[in-house]
Amino acid sequence: MAADADGIAQATRDIADVPAVEVITAAAVNLLSAAAVKCGLADDPESQTDLDEARKLINALAGLITAGAPEISDSHARPLRDGLRSVQLAFREASAIPDEPGKGPGEKYTGPVN
């Protein structure tokens with residue numbers, strides 16, 4: 001048990017040392033990567049594409065970037081916005097039934113993506 005407590009204490013100290021901008025960008029990159037895979041932009045699109053899951057991930061990513069951008073500076077937010085736009089466009093391309101403009105994943109936060 002003491003080893004577990006030591007490990008938890010170390011993890012807490014490690015997290016305490018990480019700047020917020022790094023936590024926010026790491027979370028965004030994880031969401032972006034997962035969304036890209038679910039949009040079929042990975043090695044095996046036939047088995048990995050899942051647009052329902054991609055929609056959820058893109059919505060979460062758009063919300064995080066929209067809310068976090070003022071906190072992390074434009075230099076960190078700009079590439080995340082570019083990545084978000086890329087997965088939004090990939091989703092649109094992969095979708096057999098296109099969403100109306102402004103109704104696609106994340107577009108309630110970003111506006112229509114063309």
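By convention here, the first residue in the shown sequence is residue 1. Predicted model, so just to flag it, every value in this text is computed and none were measured.
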Next item on the list: Applying salt bridge (charged side-chain N to carboxylate O under 4.0 Å, His left out), name anything that partners E53, two or more places apart in sequence or on another chain.
Entry: K56
Notebook entry, point to check: Looking at OG of S73 and CZ of R78, how far apart are the two atoms once the value is rounded to the nearest 0.5 Å?
Noted result: 9.0 Å
Check: Closest approach of Y109 and T66, non-hydrogen atoms and distance?
Finding: CB-OG1, 3.5 Å
Next item on the list: Go through the structure and list residues passing side-chain hydrogen bond (donor to acceptor under 3.5 Å, both in side chains) with R85, not counting sequence neighbours.
Entry: none
Note to self: Side chains of D17 and E22, heavy atoms from C-beta outward: is any pair under 4.5 Å?
What the structure shows: no
Check: Can any side-chain N or O of E93 pair as donor or acceptor with the backbone N or O of L89 at less than 3.5 Å?
Finding: no
Next item on the list: Quick one: list whatever passes side-chain hydrogen bond (donor to acceptor under 3.5 Å, both in side chains) with D14, sequence neighbours left out.
Entry: Q10
Notebook entry, point to check: For H76 and P79, which heavy atoms make the closest approach, and how far apart are they?
Noted result: O-CD, 3.4 Å
Item checked: Minimum heavy-atom distance between D74 and R81, given as atom pair plus value -> OD1-NH1, 3.3 Å
Next item on the list: Starting from L51, walk the hydrophobic network (Ile, Leu, Val, Met, Phe, Trp, Tyr; side-chain heavy atoms closer than 4.5 Å) and list everyone else you reach, by chain and number.
Entry: V21, I24, V29, L31, L32, L57, I58, L61, L64, I65, I72, L80, L84, V87, F91
Check: Taking only residues two or more places apart in sequence or in another chain, which ones pass side-chain hydrogen bond (donor to acceptor under 3.5 Å, both in side chains) with T110?
Finding: Q88
Notebook entry, point to check: Once you round to the nearest 0.5 Å, how far does OG1 of T49 lie from CG of L41?
Noted result: 8.0 Å
Notebook entry, point to check: Looking only at heavy atoms, what is the nearest atom pair of S95 and P98, with distance?
Noted result: OG-N, 4.1 Å
Next item on the list: Flag yes if more than 12 heavy atoms outside D82 fall under 6.0 Å of its CG atom; otherwise flag no.
Entry: yes
Checklist line | Shortest non-hydrogen separation from P45 to G40 and the atoms involved | finding: CB-O, 3.4 Å
Check: When you measure from the side chain of E107 to the backbone N and O of P101, does any donor-acceptor pair fall under 3.5 Å?
Finding: no
Notebook entry, point to check: Who are the side-chain hydrogen bond (donor to acceptor under 3.5 Å, both in side chains) partners of N30, not counting sequence neighbours?
Noted result: none
Notebook entry, point to check: Where do G104 and R55 come nearest, in terms of heavy atoms and distance?
Noted result: C-NH1, 4.1 Å
